[in-house]
Trainee: 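I have a structure I would like to understand better, so I am pasting it below and will then ask my questions one at a time.
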Amino acid sequence: MEKNNSKVSAAESSGKAGRALKAAFPKTIPVMTGYVFLGITYGMLMATSGFSAWLPVLTALIIYTGSMEFLLVSILMSSFNPFSAFATAIMVGARHLFYGISMLRKYGGMGWKKFYLVYTTSDETFSVNYSSDIPDYVDRGWFYLWVSFLDQMYWVAGSAIGGFFGSLITVDVRGLDFVMTAMFAVIFLQQWMKDGTQFSTVLKDHVCELIGIGGSVLCLLIFGPDHFMIPAMIVILAALLIFRKPMERAGYTAETELRGETSEAEEGGEDR
């Protein structure tokens with residue numbers, strides 16, 4: 001009896017994973033387009049700098065932070081300075097603080113999947129997992145896991161191609177990193193449309209977006225284009241903490257009203 005139950009449980013888990021993969025893969029295609037080409041660029045850079053072909057693959061698996069991996073090339077070629085490398089990694093990866101705060105609820109209760117989800121939360125993976133509308137028949141944990149896994153494999157595959165075959169590639173891949181910028185712009189616009197399109201309620205519907213834009217522009221004007229990133233993140237984090245309670249109350253009220261409207265519609269359908 002126990003064997004039959006375990007077989008049924010394994011079949012159910014396999015079914016959930018399969019449905020989630022079908023739903024997740026199309027969402028990651030834009031990321032694949034950017035990651036493969038950027039990974040090739042990174043692998044070629046490592047190869048032309050004199051490093052072994054396996055090193056970009058290893059760093060893609062372990063470090064998996066595109067910005068830091070490109071900086072890693074110059075760090076490895078310079079004199080040994082662990083404090084400088086650590087400080088650089090902290091500054092480059094500081095934006096992940098926002099990702100972690102934003103995904104606390106979404107990644108809560110994911111069991112064994114949570115560690116890998118946190119470990120593989122890159123910029124693009126965060127964007128896809130945070131903004132995707134997951135169908136009700138798809139398991140959210142498996143969906144998040146497949147998005148995270150596929151995105152990492154795209155980066156690893158690109159790094160491997162660049163590392164092992166970089167000397168044979170003659171295509172000019174400069175400027176392809178703009179794919180990531182374009183993808184973020186599209187995701188931002190999708191999130192904006194999802195939160196609301198009424199001009200009269202723009203301040204209510206788009207508090208987070210406006211805080212991000214306003215904080216970035218303010219710090220850009222004060223600190224300049226070369227030094228505004230860290231101050232902007234501090235300003236945005238402080239503003240989100242200050243307005244956290246009002247935003248949570250507004251979100252709770254909107255959710256309650258939506259549930260009320262849904263209940264009334266269902267009751268109306270039953271009456272008919």
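Quick note: numbers below take in every heavy atom, side chains included, and nothing from hydrogens, waters or symmetry partners. Positions are given from 1, in the same order as the sequence printed here. All of these numbers come straight from a predicted model, not from anything done at the bench.
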Trainee: Name all residues meeting the side chain to side chain donor-acceptor pair (under 3.5 Å) criterion together with Y119; count only those two or more places apart in sequence or in a different chain, and write none if there are none.
Mentor: none
Trainee: In terms of hydrophobic clusters joined by side-chain contacts under 4.5 Å, are F83 and M68 together?
Mentor: no
Trainee: Under the side chain to side chain contact (heavy atoms under 4.5 Å, CB included) test, which residues partner L218, sequence neighbours left out?
Mentor: I222
Trainee: Find the distance between CG (L38) and CH2 (W155) and round it off to the nearest 0.5 Å.
Mentor: 5.5 Å
Trainee: Using the test side chain to side chain donor-acceptor pair (under 3.5 Å), find all partners of S148 that sit at least two apart in sequence or belong to another chain.
Mentor: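 Not a single residue meets the side chain to side chain donor-acceptor pair (under 3.5 Å) criterion with S148.
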Trainee: Check residues 49-62 and write down every donor-acceptor pair under 3.5 Å in which the side-chain atom is one partner and the other belongs to a residue at least two apart or another chain.
Mentor:
unit_1 : atom_1 : unit_2 : atom_2 : d
S49    : OG     : L45    : O      : 2.7
T59    : OG1    : Y42    : OH     : 2.7
T59    : OG1    : L55    : O      : 3.1
T59    : OG1    : P56    : O      : 3.0

Trainee: Are V207 and V235 linked, directly or through intermediate hydrophobic residues, by side-chain heavy-atom contacts shorter than 4.5 Å (ILVMFWY only)?
Mentor: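 No, separate clusters.
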Trainee: Is the shortest heavy-atom distance from the side chain of T65 to the side chain of S122 under 4.5 Å?
Mentor: no
Trainee: Output a table of donor-acceptor pairs, distance under 3.5 Å, between side-chain atoms of residues 134-141 and any protein atom two or more places apart or on a different chain; print 'none' if there are none.
Mentor:
unit_1 : atom_1 : unit_2 : atom_2 : d
D139   : OD2    : G141   : N      : 3.2
D139   : OD2    : W142   : N      : 2.9
R140   : NH2    : Y144   : OH     : 2.7

Trainee: Sequence neighbours excluded, which residues qualify as side chain to side chain donor-acceptor pair (under 3.5 Å) partners of T121?
Mentor: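 T121 satisfies side chain to side chain donor-acceptor pair (under 3.5 Å) with no residue once adjacent residues are dropped.
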Trainee: What heavy-atom pair brings A23 and P26 nearest, and what distance separates the two atoms?
Mentor: O-CD, 3.6 Å
Trainee: Please report the closest heavy-atom contact between A17 and W146, naming both atoms and the distance.
Mentor: O-NE1, 2.9 Å
Trainee: Which heavy-atom pair separates F228 from P231 by the least distance, and what is that distance?
Mentor: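 Between these two residues, the closest heavy atoms are O-CD, 3.4 Å.
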Trainee: List the residues meeting side chain to side chain contact (heavy atoms under 4.5 Å, CB included) with M103, not counting sequence neighbours, and say none if there are none.
Mentor: K106, Y107, F126, N129, Y130
Trainee: Would you check if there is a donor-acceptor pair between the side chains of Y154 and E124 at a distance under 3.5 Å?
Mentor: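 No, no side-chain donor-acceptor contact under 3.5 Å.
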Trainee: Are L104 and L145 grouped together when hydrophobic residues (ILVMFWY) are joined by side-chain heavy atoms under 4.5 angstrom apart?
Mentor: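 Different hydrophobic clusters.
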Trainee: Checking I236 now: which residues fulfil side chain to side chain contact (heavy atoms under 4.5 Å, CB included) with it, not counting sequence neighbours?
Mentor: F98, I211, S216, L240
Trainee: Starting at CG of L150, measure out to OG1 of T125 and round the result to the nearest 0.5 Å.
Mentor: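 Interatomic distance, L150 CG to T125 OG1, rounded to 0.5 Å: 9.5 Å.
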Trainee: Nearest 0.5 Å, what's the CG-NZ distance between D151 and K27?
Mentor: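 Between D151 CG and K27 NZ, I get 13.0 Å after rounding to 0.5 Å.
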Trainee: Nearest 0.5 Å, what's the OG-OH distance between S159 and Y35?
Mentor: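 OH of Y35 is found 10.5 Å from OG of S159.
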Trainee: Check for me, please, whether M44 and I63 land in the same ILVMFWY cluster - side-chain distances under 4.5 Å, paths through other members count.
Mentor: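 In one cluster with M44: I63, yes.
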Trainee: Supply the atom-to-atom distance W112 CH2 to L117 CG, rounded to the nearest 0.5 angstrom.
Mentor: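 Reported to 0.5 Å precision, the distance equals 8.5 Å.
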Trainee: So, using side chain to side chain contact (heavy atoms under 4.5 Å, CB included) as the criterion, who are the partners of I213 when residues are at least two apart?
Mentor: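 In terms of side chain to side chain contact (heavy atoms under 4.5 Å, CB included), with neighbours along the sequence ignored, I213 is linked to F188, V217.
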Trainee: With a sphere of 6.0 Å drawn around CZ of F149, does it hold more than 12 non-hydrogen atoms of other residues, nucleotides or ligands?
Mentor: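 Atom CZ in F149 is not crowded, with 12 or fewer foreign heavy atoms closer than 6.0 Å.
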Trainee: Can you name the nearest heavy-atom pair linking A47 to G162, along with the distance?
Mentor: CB-O, 4.3 Å
Trainee: Just jot down the ring-ring contact (aromatic ring centres under 6.0 Å, His included) partners of F25, sequence neighbours excluded, or say none.
Mentor: none
